[in-house]
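Since we're looking at a predicted model, the values are computed, not measured. Every number for a ligand or one of its atoms is a count from 1 in the order of the listing. Computed over heavy atoms, backbone and side chain alike; hydrogens, waters and symmetry mates excluded.
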Amino acid sequence: MAKNQNLTGEVYYPAPEIVEQVHIQDFEAVHQQAMADLPGFWGQIAAENFEWYAPWEQVLDDSNAPFYKWFVGAKVNLVHNALDRHQRTAIRNKAALIFEGEQGDRRTYTYQQLNHEVCKFASVLRAMGVKKSDRVTIYMGRIPELMIAMLACAKIGAIHSVVYGGFSTEALHDRIEDSASKVLITCDGSRLRGKIIELKKIANEAVDRAGTIQTVICIKRTGQEVEMVPGRDHWYHDLMNLPIADPNAPTEVMDAEDPIFILYTSGTTGKPKAILHTHGGYMVGTATTLKWVFDIKPEDVWWCAADPGWITGHSYIVYSPLVVGATSFMYEGAPTYPYPDRWWHLVARYGITILYTAPTAIRGLMRFGENWPERHDLSSLRLLGSVGEPINPEAWRWYYRVIGREKCPIMDTWWQTETGNFMITPLPSMPLKPGSATRGFPGVEVDVVDEEGNSVPAGEEGYLVIKTPWPAMLRTVYKDPDRYVRQYWSRYAEQGWYLPGDSAKKDEDGYIWVIGRIDDVIKVSGYRLGTAEIESALVSHPAIAEAAVIGVPDELRGNIIKGFCILRQGEEGSERLEKELRDHVGHEIGPIAKPTTVDFVDSLPKTRSGKIMRRVLKAQVLGQDLGDLSTLAD
Ligand code: PRX
């Protein structure tokens, strides 16, 4: 690709034939149009691309900011746009979802077939007493029924709360209890690297502890013997065979601002918080960003290799691909099982045209060398994507050269559970710089500022802020509006800016380089974990009196977790106890939260008010300057 003198650094320009055929060829023009009249911009998109049962009176109501409202007064259901409306067009017979299990089993659902299953399950849920605004917890592996369950909830106006299938008892229990879910949808087990993870067993433990769940619906996936509690537990396949499972179940008419789901994510303090998204704005935002950033065309086979249990999967596996009428691919298992070329095999077999994954996966696959991808025909690929953490330029270049064969632009999308959709991202027509997520999506004004809110000069680190509201923005923290205001809107309350909690730099060309979290959130392999959750799991072990954990940079996983524990009197530190503690955290939260090491210490650096100074621990581990220690107690 040609070098252009206008942009600084390492720049990759899109080939003219790519620019010619993409949805948005001139980012600047569209962005300016959006900034000139934000409600007008989103109102036009919403009117032209979606079906509404009743129109809005106002596109954006900012009178009670930061409690913004979008498409006020409109009636809609996202599922009507994802499934119902496609039944009247040729999309009906198109593949909505192509699935391959880790063992090689395959299934395809057309839009008609997916709708059939969703309708049936929606009416089952209704028959079991699930009503509009009831919370339903879903805890499953990466299988089509997870998608069906989410869509069935949204269809009847129930609020789903999906708990990632890699979480364990305590994490599941907390989320069930906080959301006060009466129904849990789970499966007997899920498959990963040839092993079975016994989800029903974990679910039983969590449900016993929580006490709010009255009904459990269990999908049979792995087939081992599981304990079913009579009266409480039902097999999915039994329910779906009852006459109540109506393939023509009606879709609930919702307000645009009615919640579609809550999703728990880790924050700075305390327990994970539930981020709330809505039917109207979330639909408009996710579908528009998918269509423009990944340039979805009718013939594409889109593979978002995330898990539906995270926001990436909610937005870009389950909801937006269906709304835009795309064909999605879903794979159940691990990228390297049984061999390190499983993914490349899948790309070739299904003719994947767009692959969207996380830097940690790319780095993991990179380790195995180029021979594995080179064995496969990857020529169907035309676009690549990255999400979840900063992508290091080396991994970017490998992805670009070895997987994309130097012809696929890489969309490095920065966003969050809270933002609902891509916020800082290139479009395929834009010049790329490895490691930069480039610019704000049209209509999204992004900046890097200092404590006072002044834009920092190019090359200097500062706080990332978002200065304009967007349709898919979170509406609140479920049951905790104060926390919503405090966490995201208080730092720059005067200016009314959103604070994501990341630090970043801007370069001379206005490109954004996200550096990482500024709070006590650790990104491990792209997973978002809070120090508080892991510490609380550690101190729930009988040998531990106090604990602190920090994230330390790691080449493969982005960060790893290091734990520091003060033992209870009479306890002794040993390798065995260290292993026990790691397993304990795995059992409580999930394997992803296991500290890589646990050190036994006599004291922890604390402020005089007793707050653990994790930055001091981190500086010590990294051999850096300890910084300002004036608030240190001891
Ligand atoms: O630190 C940023 C990082 O992931 C955080 C959000 O995590 P989560 O809510 O789990 O959502 C992840 C998937 C959308 C952000 O605050 N992050 C996400 N994408 C990027 C990123 N950091 C750098 N570059 C990205 N592309």
**OP:** At a heavy-atom distance under 4.0 Å, which protein residues reach ligand 1? Sort them by chain and number, would you?
**Re:** Ile311, Thr312, Val387, Gly388, Glu389, Pro390, Asp412, Thr413, Trp414, Trp415, Gln416, Thr417, Asp502, Val514, Arg517, Lys523, Arg528
Original post:
Pick one: which of Lys618, Lys611, Arg614 meets salt bridge (Lys or Arg N to Asp or Glu O under 4.0 Å) with Asp520?
Top reply: Arg614
Subject >> With His314, the ring pair (Phe, Tyr, Trp, His ring centres under 6.0 Å) member among Phe261, Tyr319, Trp415 >> reply: Phe261
**OP:** Take the angle between the ring planes of Tyr498 and Trp470 and call it parallel below 30°, perpendicular above 60°, tilted in between.
**Re:** perpendicular
Original post:
Hey, does the Lys NZ or Arg CZ of Arg175 hover above the aromatic six-ring of Tyr139, less than 6.0 Å from the centre and inside 45° of the axis?
Top reply: no
**OP:** Measure up the Phe329 and Trp303 rings against each other and bin them: parallel (under 30°), tilted (30 to 60°), perpendicular (over 60°).
**Re:** perpendicular
**OP:** To the nearest 0.5 Å, tell me how far Asp519 CG sits from Ser266 OG.
**Re:** 10.0 Å
